[in-house]
Number of protein chains: 2
Amino acid sequence: MPSRFSREVRTVSVDHTAISTQIQLVARPEGWPTPDDFRTVTVEYGPLEPGQVRVVNEFVSVDPYMRGRMNDVKSYVPPFALGETMTGGAIGRVVESTADTVPVGSVVSHQFGWRDVVQEDARGFQVVPEIPGVPLSVRLGILGMTGLTAYVGLTDIAPVKDGDTVFVSGAAGAVGSAAGQFARLLGAARVVGSAGSADKVARLTDEYGFDAAFNYRDAPVREQLPTVAPDGVDVYFDNVGGDHLTAALDVLNRHGRVALCGAIAGYNSTERTPGPDNMSNLITRSLTLRGFTLGDHLHRAADFQQWVTPLFAAGKIAYDETVVDGLENAVDAFLSMMRGGNTGKMVVRVSQS
Amino acid sequence: MPSRFSREVRTVSVDHTAISTQIQLVARPEGWPTPDDFRTVTVEYGPLEPGQVRVVNEFVSVDPYMRGRMNDVKSYVPPFALGETMTGGAIGRVVESTADTVPVGSVVSHQFGWRDVVQEDARGFQVVPEIPGVPLSVRLGILGMTGLTAYVGLTDIAPVKDGDTVFVSGAAGAVGSAAGQFARLLGAARVVGSAGSADKVARLTDEYGFDAAFNYRDAPVREQLPTVAPDGVDVYFDNVGGDHLTAALDVLNRHGRVALCGAIAGYNSTERTPGPDNMSNLITRSLTLRGFTLGDHLHRAADFQQWVTPLFAAGKIAYDETVVDGLENAVDAFLSMMRGGNTGKMVVRVSQS
């Protein structure tokens with residue numbers, strides 16, 4: 001898609017500066033993060049170096065995986081650095097450029113995170129096409145990393161086969177609502193999900209096409225899941241972990257597959273919680289559990305765009321966003337998302353084009 | 001190999017009968033099985049039908065997986081039927097035959113289990129070559145299902161790559177001692193294991209070529225494993241489950257793989273035990289846990305024979321057996337094996353050729 005994007009090329013050398021407001025992590029949270037773990041700073045960018053672009057962000061993304069990166073644990077995704085600006089997905093428009101490849105006016109997605117203006121080497125940005133009538137934030141959600149995460153989980157990690165029953169937990173969230181719909185488009189015969197409120201449960205069946213859904217706050221998942229999946233589950237897309245994973249292991253069919261994408265149930269826990277008491281099912285039913293993080297699968301982005309673009313254009317994919325206005329509210333938006341205050345993708349609107 | 005086996009073909013029609021002593025399961029054990037859960041019966045076989053063979057067993061196999069099949073749980077490997085003869089691996093010699101394909105004198109392996117004489121359709125038996133100087137029981141162990149289990153686990157389920165560190169639990173057992181040696185032959189740079197006595201631990205390093213090993217009764221596995229795998233583990237071949245699996249999840253490297261072959265720690269437990277408290281490592285380290293039972297992988301038997309036969313002939317594979325004499329001692333042999341009383345493959349000698 002980027003290669004088909006065309007716009008009048010206008011490269012501008014500039015000599016003036018810009019002020020950027022940015023949010024930084026200053027303390028490692030114990031349990032739930034608090035506003036005191038962050039600070040707001042302003043940074044002055046000088047004139048552009050050759051090959052740089054200056055971008056005014058329109059939306060920045062808040063995602064569950066960010067909680068893990070706030071901890072200083074040995075991991076292969078390095079933790080957020082203290083005293084540095086929170087990185088993460090964002091999308092904006094190029095306002096100044098000394099790079100031929102990324103002209104002024106381009107829409108670009110990037111990983112420079114929680115700031116209103118960013119200025120960096122052009123190679124750190126990816127030009128993406130605008131879609132008429134669709135807000136740029138869709139590139140952070142269903143057509144961006146969120147959608148790619150769902151796609152990779154259901155193709156490479158826990159492949160959906162024709163006729164499968166697929167269970168998605170946290171299914172009203174950004175990744176979950178994509179996963180449920182993608183599962184169907186990839187051949188699933190039955191798609192069921194869980195969410196944390198009656199409204200969300202209704203949305204799963206009414207808007208996202210789930211065959212059945214339940215509110216995990218109503219009764220133990222272990223009791224509710226078998227009633228919506230009486231013939232068992234072939235693929236489980238796990239955003240929650242904990243009681244959801246245990247319940248899924250109860251009902252997974254022989255050769256069942258689990259894509260472990262998130263474990264939001266435990267992200268803010270300060271204690272280790274016991275794991276599933278039914279791990280022996282992995283052997284007796286020949287199950288596969290596979291954890292993944294998207295960084296290993298970015299090479300699948302082009303395949304995903306090729307697959308999703310015509311489906312999206314044909315109106316076959318529903319999506320929701322919860323938009324919080326103002327970079328100064330990014331921390332609140334993040335915390336709200338961690339508590340389930342979002343439906344679909346949670347984004348922070350930093351500016352309006 | 002079977003196709004290269006040659007022996008004078010001598011098909012005999014017979015009209016006399018044979019007495020077979022057989023051991024049957026009569027009650028489903030709660031916790032540890034007891035002798036009262038079994039009975040011994042004698043069966044009289046009539047003259048052979050066309051296409052049948054009569055086999056005098058030399059060895060029958062007792063294996064950990066049999067404990068699971070004694071329970072009446074919904075599973076895709078059906079439970080042992082009450083009041084019927086225990087099935088399982090066995091090897092013997094054809095004494096009468098009305099089938100051209102399986103002549104008298106052939107050595108055959110089969111799954112008709114705990115009996116001294118068996119008479120069935122010839123298609124239920126597989127002719128295997130004799131190896132001069134090697135007891136037939138090797139076909140129940142390192143060159144049979146036991147070896148195939150280790151091979152499948154380290155190739156299809158949790159593939160070993162050049163330079164890997166591999167951890168095998170229950171490594172002095174039949175499958176474990178094969179897995180440790182096969183891991184090295186498949187390219188592992190470091191192989192470590194656990195066993196339940198000082199003698200077994202010594203055997204791992206002295207006989208089976210493990211680089212390091214520990215006695216899991218000496219101290220918590222979670223404390224001991226990191227000391228023998230200071231650079232982490234890439235592949236874990238799990239025969240034990242429980243504390244061993246939890247400890248492995250602590251030290252598995254990014255993209256680590258686990259073949260879940262057995263969970264002997266829990267086989268005789270009457271209560272559900274909590275699972276690993278570190279399941280979130282599956283996501284942060286992109287781990288894969290895969291359970292398997294051999295029935296799904298029998299198509300790999302020919303590949304395995306092709307791989308293992310020259311290695312075995314060249315003396316590159318050590319193996320041990322614990323032989324218990326007398327079919328009447330099969331239940332005791334099984335229980336002893338479940339308690340770790342064996343080194344290497346446990347077999348029951350039913351007759352001597």
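Here is how names work: the chains are called A, B, and so on, in the same order as the sequence lines, proteins then strands, and each is numbered from 1. FYI, side chains are in, hydrogens and waters are out, and symmetry mates aren't considered; it's all heavy atoms of this structure.
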Item checked: Heavy-atom closest pair, residues S286(A) and D296(B) ->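 Distance-wise, the nearest heavy atoms are OG-OD2, 3.2 Å.
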Item checked: Non-hydrogen atoms of G275(B) and M279(A) that approach each other most closely ->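 Taking G275(B) first and M279(A) second, the nearest heavy atoms are CA-CG, 4.4 Å.
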Item checked: Contact class of L260(B) relative to chain A, heavy atoms under 4.5 angstrom ->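 The answer is both parts of L260(B).
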Item checked: Part of I157(A) lying under 4.5 Å from any heavy atom of chain B ->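 For I157(A), there is no contact with chain B at all, as no heavy atom is under 4.5 Å.
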Next item on the list: With side-chain contact (heavy atoms from CB on, under 4.5 Å) as the test, would you mind laying out the steps for T288(A) and T288(B) before giving the verdict?
Entry: CA-CA 7 Å; T288(A) 302; T288(B) 302; 3.9 Å; yes
Item checked: Approximate separation, where rounding is to 0.5 Å, of R257(B) CZ and R290(A) CZ ->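 If I round to the nearest 0.5 Å, the distance is 10.5 Å.
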Notebook entry, point to check: Of the listed residues (N281(A), D277(A), L282(A)), which shares the most heavy-atom pairs with chain B below a 4.5 Å separation?
Noted result: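 That would be D277(A).
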Note to self: For the interface with chain A, which of L245(B), V258(B), L289(B) has the highest count of heavy-atom pairs at distances below 4.5 Å?
What the structure shows: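 So the answer, after comparing L245(B), V258(B), L289(B), is L289(B).
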Checklist line | By side chain to side chain contact (heavy atoms under 4.5 Å, CB included) - contacts of R217(A) (at least two apart) | finding: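 Side chain to side chain contact (heavy atoms under 4.5 Å, CB included) list for R217(A), sorted by chain: N215(A).
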Next item on the list: Name all residues meeting the side chain to side chain contact (heavy atoms under 4.5 Å, CB included) criterion together with A301(B); count only those two or more places apart in sequence or in a different chain, and write none if there are none.
Entry: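 Listed in chain order: L148(B).
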Note to self: Is any side-chain heavy atom of I283(A) closer than 4.5 Å to one of T293(B)?
What the structure shows: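 Heavy-atom side-chain distance check passes, below 4.5 Å.
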